[in-house]
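These notes are about the structure you will find just below.
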Amino acid sequence: MTPPPTAGSGRVLDASALESAATGKHVYVRALIAMALQSGTVTLLIPVTAYVQALAVIPQDLRWQLMLLTTSPGVEIDLLDDREKAHEIADLGGDDATLAHVAWCGLSRRWPVVSDRMFDLRTLTPALEVEPLP
């Protein structure tokens with residue numbers, strides 16, 4: 001697994017973190033996002049599969065918040081843009097492709113994943129650093 005070129009540090013946001021950011025369920029995520037955007041030194045990585053999953057569960061009138069986030073400086077979207085990456089994600093195992101994509105992003109960048117699914121992520125790959133939602 002060859003990590004893409006990145007500068008600095010970052011966090012990977014999974015679907016639960018994105019949902020929390022849009023709905024205000026966990027103030028922690030909103031504070032983390034605000035700090036990252038203000039500092040300009042922390043990159044937020046959003047796997048496209050997590051973005052789609054979050055859009056599917058949040059109310060329509062809150063979707064604008066995620067669309068605004070994804071167009072902010074310091075926020076990157078990880079696309080499934082090649083077959084090799086897709087195979088690496090599938091090889092992580094499990095039957096949850098979104099969770100595997102999130103785990104792959106965390107492993108490839110060596111960044112923590114912000115999630116309320118720490119147990120599930122660590123089941124896929126115990127080496128993954130997870131920043132659990134309160």
Side-chain angles (χ1 to χ4, degrees):
M1 180 178 317
T2 305
T6 60
S9 63
R11 298 286 187 285
V12 178
L13 303 179
D14 82 342
S16 67
L18 294 171
E19 179 185 357
S20 291
T23 64
K25 182 178 178 181
H26 295 106
V27 176
Y28 175 79
V29 178
R30 286 187 171 178
L32 173 74
I33 291 169
M35 182 274 309
L37 296 177
Q38 287 175 352
S39 75
T41 61
V42 177
T43 301
L44 299 174
L45 182 65
I46 301 173
V48 70
T49 54
Y51 180 69
V52 171
Q53 185 176 354
L55 287 175
V57 297
I58 64 171
Q60 289 266 30
D61 62 332
L62 297 178
R63 286 183 173 185
W64 67 270
Q65 293 184 42
L66 294 186
M67 293 189 305
L68 183 63
L69 175 63
T70 59
T71 60
S72 299
V75 177
E76 298 177 15
I77 303 288
D78 187 81
L79 303 173
L80 286 174
D81 52 356
D82 68 58
R83 286 182 289 269
E84 183 179 334
K85 184 193 309 188
H87 283 266
E88 289 176 6
I89 291 168
D91 289 344
L92 280 174
D95 59 356
D96 187 335
T98 299
L99 198 65
H101 186 195
V102 168
W104 184 90
C105 287
L107 289 171
S108 69
R109 300 277 181 120
R110 295 179 189 94
W111 291 348
V113 172
V114 180
S115 176
D116 68 358
R117 298 185 64 190
M118 181 171 67
F119 177 78
D120 296 331
L121 285 161
R122 291 248 173 91
T123 299
L124 281 180
T125 176
L128 184 65
E129 185 180 348
V130 180
E131 197 170 305
L133 291 174

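We use all heavy atoms of the structure for the numbers below, so side chains are in, but hydrogens, waters and symmetry mates are not. What you are looking at is a predicted structure, and each value in this text was computed from that prediction instead of being measured.
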field: Stepwise side-chain contact (heavy atoms from CB on, under 4.5 Å) test for Leu107 and Leu92
entry: CA-CA 11 Å; Leu107 289 171; Leu92 280 174; 4.1 Å; yes

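- Interatomic distance, OG of Ser16 versus CE of Met118, reported as 12.0 Å (0.5 Å rounding).
- Note that CG of Leu128 and CZ of Arg110 are 12.5 Å apart. Values are rounded to the nearest 0.5 Å.
- Hydrophobic clustering (ILVMFWY, side-chain heavy atoms < 4.5 Å, transitive): Val27 and Leu32 are in distinct clusters.
- For the pair Val75 and Leu37, the minimum side-chain heavy-atom distance is below 4.5 Å.
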task: Just do the side-chain contact (heavy atoms from CB on, under 4.5 Å) check on Arg117 and Asp96 with the steps written out, would you?
output: CA-CA 12 Å; Arg117 298 185 64 190; Asp96 187 335; 3.1 Å; yes

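- Counting all heavy atoms, side chain and backbone alike, Ala17 lies closest to Asp14 at N-OD1, 2.9 Å.
- Taken from CG in Leu79 to OG1 in Thr49, the straight-line distance is 10.0 Å, to the nearest 0.5 Å.
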message: What verdict does the side-chain contact (heavy atoms from CB on, under 4.5 Å) test give for Leu133 and Ser115, after you've listed the backbone C-alpha separation in whole Å, the side-chain angles of each residue and the deciding distance to 0.1 Å?
response: CA-CA 6 Å; Leu133 291 174; Ser115 176; 5.8 Å; no

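- Here the closest non-hydrogen pair linking Trp111 and Leu45 is CZ3-CB, 3.9 Å.
- Side-chain contact between Ile46 and Leu69 is present, with heavy atoms from C-beta onward closer than 4.5 Å.
- Separating the OG atom in Ser108 from the NZ atom in Lys85 is a distance of 7.5 Å, to the nearest 0.5 Å.
- Here the side chains of Pro47 and Thr98 are not in contact, with every heavy-atom distance at 4.5 Å or above.
- Contact detail for Ala100 and Gly93: the closest heavy-atom pair is CB-O, 4.3 Å.
- By the criterion of side-chain heavy atoms lying less than 4.5 angstrom apart, applied directly or through intervening Ile, Leu, Val, Met, Phe, Trp or Tyr residues, Ile58 is grouped together with Val114 in one hydrophobic cluster.
- Counting all heavy atoms, side chain and backbone alike, Arg30 lies closest to Thr23 at NH2-C, 3.8 Å.
- Residue Met67 is grouped with residue Leu44 when hydrophobic side chains (ILVMFWY) are merged at heavy-atom distances under 4.5 angstrom, including chains of intermediate members.
- Under the side chain to side chain donor-acceptor pair (under 3.5 Å) criterion, the residue pairs touching residues 123-134 are Arg11-Glu131, Tyr28-Glu131, with sequence neighbours excluded.
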field: From CA spacing to verdict: side-chain contact (heavy atoms from CB on, under 4.5 Å), Val48, Asp78
entry: CA-CA 6 Å; Val48 70; Asp78 187 81; over 6 Å; no

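- When atom types are taken as modelled, the side chain of Ser20 and the backbone of Lys25 share no donor-acceptor pair closer than 3.5 angstrom.
- Follow the hydrophobic side-chain contacts under 4.5 Å out from Met35 and you reach Leu18 in the same cluster.
- Of all the heavy atoms in Gln65 and Ala21, the pair that sits closest is OE1-O, 3.6 Å.
- Side-chain contact between Trp104 and Arg109 is absent, with no heavy atoms from C-beta onward closer than 4.5 Å.
- Ile77 is listed as a side-chain neighbour of Thr70, based on a closest heavy-atom distance under 4.5 Å.
- In this structure, the side chains of Leu13 and Ile33 come closer than 4.5 Å at one or more pairs of heavy atoms.
- What you find for Asp120 and Leu99 is that their closest heavy atoms are CB-CD2, 3.5 Å.
- In this structure, Val113 is not a member of the same hydrophobic cluster as Tyr51, with clusters built from ILVMFWY side-chain heavy atoms closer than 4.5 Å.
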